[in-house]
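For reference, the structure discussed in these notes is given below.
Chain identifiers are assigned alphabetically (A, B, ...) following the order of the sequence lines, protein sequences preceding nucleic acid strands; residue numbering begins at 1 within each chain. Everything numeric here is computed off the predicted structure, so don't read it as measured data.
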2 protein chains.
Amino acid sequence: MSTNGTSILLVEDDPNLSIVIREYLEMEGYKVLHCKDGKEGLDAFTKNKFDLCILDIMMPRMDGFTLAKEIRKVSEFIPIVFLTAKTMDDDRINGFKAGCDDYITKPFSTEELSLRIKAILKRCRIMGSPLNPEQNKEIHIGNYTFDPSNMLLTSEKSERNLTRKESALLKLLSENINQIVTREFALRTIWGDDDYFIGRSMDVFITKLRKYLGEDPAISITNIHGTGFRLEVKE
Amino acid sequence: MSTNGTSILLVEDDPNLSIVIREYLEMEGYKVLHCKDGKEGLDAFTKNKFDLCILDIMMPRMDGFTLAKEIRKVSEFIPIVFLTAKTMDDDRINGFKAGCDDYITKPFSTEELSLRIKAILKRCRIMGSPLNPEQNKEIHIGNYTFDPSNMLLTSEKSERNLTRKESALLKLLSENINQIVTREFALRTIWGDDDYFIGRSMDVFITKLRKYLGEDPAISITNIHGTGFRLEVKE
DNA sequence: AACTTACGTTAACAAATCATTAACAGTTTT
DNA sequence: AAAACTGTTAATGATTTGTTAACGTAAGTT
């Protein structure tokens, strides 16, 4: 199995341990983002995409369980590995043991951690949830190619860096091509909220996207009155 | 494992012991360069490439620990074996025991030394350290060649020694060429933390790298507003 | 010890970017 | 026809970034 491009969120407050783990995992080819406590970890999780989380349980500001709960709100199936002090007889561990999760007791060897990670990733992939299916995939929209991870919209004639919101909206639309994307769904997904002004803001972005995609007449963003928008590509 | 071509820097002031070690190691197929004290050792290290260092701790002019520190400045991951008088209870030993390093107490058999060396080399190769050819590879960026392990940025016209941070940042960018490296990922990877001032510090380094890479107009470091940077090489 | 040098951080100010809001025109529904 | 919704452009203000210089510190040098 290639570890390439698999990104891991490591939340661990012990600086020495975290360095050891991070360096080892990076040598194995994972991308690792390390946070020092639960708050930071949650923040990082919402801003990035990860394939797996490694959470220490005992941490300042927000413990691993609370963090895991928060993470689960956003991402139902992401595998989580807990790091616990040896015989921590906490019932909550059992509560999380289901699904793809696992826990490892300290002290552990880096090899053990690595094996567990591989096992979990394998298991989860088998279970049919390709971890980040669309992660680095480019999306073709008519004559355009859209690379969401690079926020780059390319055609033969032009290349444009999209802003975060532009990119997020186009991603949403292109993932649901020829299907209605509800106003509310878009607003809640991208803006996390839904009120009049945010709605108007989205309309401004729709105008921008229409302009950017104007090179290809087969592409259109159609408004469904009172409902939402649909990105359409003819033939 | 073939010892062929593996070159060892041996720094040991006892002439008899050093001869014994050198001859034994050469018999095993290693290339050995011997220096009589720390100063000589450091000089030799900067002028040549080694796969492993064997340093006596008690030495005139510069002791083994100081030498090791100097070596680490240049080469972060090269394995170091310390030779110590039997039960030298120096805390500093523990400081160095991490990673690929090891220490051997005198007196020791040549066999023991040989086994340790093999074990260390194996371990480090597995861990993918710079012994691993993959990681010692130079990176080509437009007209430039960047050697991360030597922190050296070269073009036809110029050659520049980068500082650690400059080098780390350029490494990260060039490993993800034409892809966005998020601010957060860079900050957490290189600085281990992410706050406002560290972020500003990174911006200063970006400015520096842009200046260094300015000779080749095909190279650019593009800011993706609110997201990160992308090292781009056209054609 | 006093003096350099090198490096990373912080400060300070200029410039650019972006999401939002406003404003007004046009559409669709009831 | 009134009300609600959408399209579009431009103005606004906050945030982010670019850049240079000053600063502090640690190491080496005299």
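Checking C/dA19, C/dT9, C/dA11 against every side-chain atom of B/F197, the shortest atom distance belongs to C/dA11. Among C/dG8, D/dT20, C/dA22, the nucleotide with an atom closest to any side-chain atom of A/V204 is C/dA22.
A/N143 pairs by the side chain to side chain contact (heavy atoms under 4.5 Å, CB included) definition with A/D216, not counting sequence neighbours.
Put simply, CG on B/D203 is 14 Å from C1' on C/dG8, counting in whole angstrom units. For the pair B/L169 CG and C/dT9 P, the interatomic distance rounds to 11 Å; values are reported in whole Å. The distance from atom CD1 of B/I180 to atom P of D/dT17 is 12 Å, rounded to the nearest whole Å.
An OP1 or OP2 oxygen of C/dG8 is reached within less than 4.0 angstrom by a side-chain nitrogen or oxygen of B/T163. Residue A/S201 places none of its side-chain N or O atoms closer than 4.0 Å to OP1 or OP2 of C/dA19. At the phosphate of D/dT17, OP1 or OP2 sits under 4.0 Å from a side-chain N or O atom of B/R183. At C/dG8, none of the side-chain N or O atoms of B/W191 fall inside 4.0 Å of OP1 or OP2 (strictly under the cut-off).
Toward the 5′ end of DNA chain C lies the nearest nucleotide of B/M202, the other residue of the pair B/M202 and A/R164 mapping further downstream. The residue among B/I224 and A/H225 whose nearest nucleotide of DNA chain D lies closer to the 5′ end is A/H225.
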Do B/F229 and B/D203 pass the side-chain contact (heavy atoms from CB on, under 4.5 Å) test, and can you show the C-alpha distance, the side-chain angles, and the key distance before you say yes or no? CA-CA 10 Å; B/F229 294 92; B/D203 290 332; 3.6 Å; yes
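Contacts of B/F229 with the nucleic acid, taken as non-hydrogen atoms under 4.0 Å apart, involve only primed sugar atoms and P, OP1 or OP2.
With hydrogens and angles ignored, the 3.5 Å screen pairs a side-chain donor or acceptor of B/S18 with a backbone N or O of B/D14.
Put simply, the side chain of A/R200 and the base of D/dG7 share a donor and an acceptor less than 3.5 Å apart.
Distance check, rounded to the nearest 0.5 Å: OH of B/Y144 to CD of B/E156 gives 10.0 Å.
Using a cut-off of 4.0 Å between Lys/Arg side-chain N and Asp/Glu carboxylate O, A/E40 and B/R188 are scored as salt-bridged.
Classified by interplanar angle (parallel below 30°, tilted 30° to 60°, perpendicular above 60°), the ring pair A/F205/A/W191 is tilted.
Under 3.5 Å, the side chains of A/T145 and A/D147 contain no donor-acceptor pair of N or O atoms.
For the segment residues 208-223 of chain A, residues with any heavy atom less than 4.0 angstrom from an atom of DNA chain D are, sorted by number, A/R210, A/K211, A/N223.
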